Amino acid sequence: MLENRVSAERSDQAAAASRNTSSGAVRNAESPQHDRLPAERIDKLAVTVRGILEELARADGTPLNWGDLRLRAGGQLPSLHPDDQVALLVAVDRGTPADEPLLSTLVDSSVAAPHRLYRQVRLGLGREPVSDTELEAHRAMEALRLRQIWRYRR
């Protein structure tokens, strides 16, 4: 009896760990707040978000937070798990040439840690890490370069 209960608890723990993996493939219908988006959905959302960020870069816009990004997406962008935010921005910038700044530079993750996502997206795309002491200045310069590049791009 005890052995069955321990086995059941291990199965529950394994299932929970599986739901929290970065693949997002396993979904739990009972707790939607912990659901992760499948890669196909992230790729579809990336097209919309890339368009919004390109438009913002052309218009010399200031960085958006996730709430503003959702508003501009007209209801297409759901609230995202933090790992899905990173996956989405990596998908947005997957086609960005290595010598150009990332469009995701224009997304602020929070007031407390506005550069957290930027760092994770850079790493997710295989770009060189930026030290903590240089991160804010680096990101500001990349945002400026991004606007200069996209100002005349159609």
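Just so you know, these numbers come straight off a predicted model, no measurement behind them.
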Which residues share a side-chain contact (heavy atoms from CB on, under 4.5 Å) with Glu134, sequence neighbours left out: Val130, Ser131
Residue that, paired with Tyr118, satisfies side chain to side chain donor-acceptor pair (under 3.5 Å) out of Glu136, Arg139, His138: His138
Same apolar cluster: Leu71 and Leu56, side chain cutoff 4.5 Å: no
Close side-chain approach of Leu123 and Pro129, heavy atoms under 4.5 Å: yes
Heavy-atom closest pair, residues Asp84 and Leu37: OD2-N, 2.9 Å
Minimum heavy-atom distance between Leu102 and Thr105, given as atom pair plus value: O-OG1, 2.7 Å
Working for side-chain contact (heavy atoms from CB on, under 4.5 Å), residues Leu103 and Leu89: CA-CA 8 Å; Leu103 284 163; Leu89 294 179; over 6 Å; no
For Arg127, all residues meeting side chain to side chain donor-acceptor pair (under 3.5 Å), sequence neighbours excluded: none
Pairs satisfying side chain to side chain donor-acceptor pair (under 3.5 Å), at least one member in residues 90-100, at least two apart: Arg50-Thr96, Asp93-Thr96, Asp93-Ser104, Glu100-Arg153
Point-to-point distance, once rounded to the nearest 0.5 Å, from CE of Met141 to CG of Leu146: 12.5 Å
Taking every non-hydrogen atom, the tightest pair across Arg116 and Pro82: NH2-CB, 4.3 Å
Heavy-atom pair of closest approach, residues Val86 and Val121: O-CG2, 4.1 Å
Partner set under side chain to side chain donor-acceptor pair (under 3.5 Å) for Ser79, not counting sequence neighbours: none
Nearest atoms (heavy-atom pairs only) where Arg58 meets Trp150: CG-O, 2.9 Å
Non-hydrogen side-chain atoms of Pro101 and Leu144 separated by less than 4.5 Å: no
For Gln76, all residues meeting side chain to side chain donor-acceptor pair (under 3.5 Å), sequence neighbours excluded: Thr48
Those residues that, when tested against Thr62, pass side chain to side chain donor-acceptor pair (under 3.5 Å) (two or more places apart): none
Cluster check Ile149, Val107: I/L/V/M/F/W/Y, side chain < 4.5 angstrom: yes
Lys44 vs Pro38 side-chain heavy atoms within contact, under 4.5 Å: no
Residue pair Leu64, Asp108: steps toward the side-chain contact (heavy atoms from CB on, under 4.5 Å) verdict: CA-CA 6 Å; Leu64 296 174; Asp108 279 334; over 6 Å; no
Glu128 backbone acceptor or donor facing Arg122 side chain under 3.5 Å: yes
N-O pairing of Arg145 and Glu142 below 4.0 Å: yes
Heavy-atom closest contact (Ala91 atom, Asp43 atom, distance): CB-OD1, 3.8 Å
Inter-residue atom distance Leu106.CG - Glu54.CD, 0.5 Å rounding: 11.0 Å
Gap between atom CZ of Arg119 and atom CG of Leu135 - 0.5 Å precision: 5.0 Å
CG on Leu69 to CG on Leu80, rounded to 0.5 Å: 9.0 Å
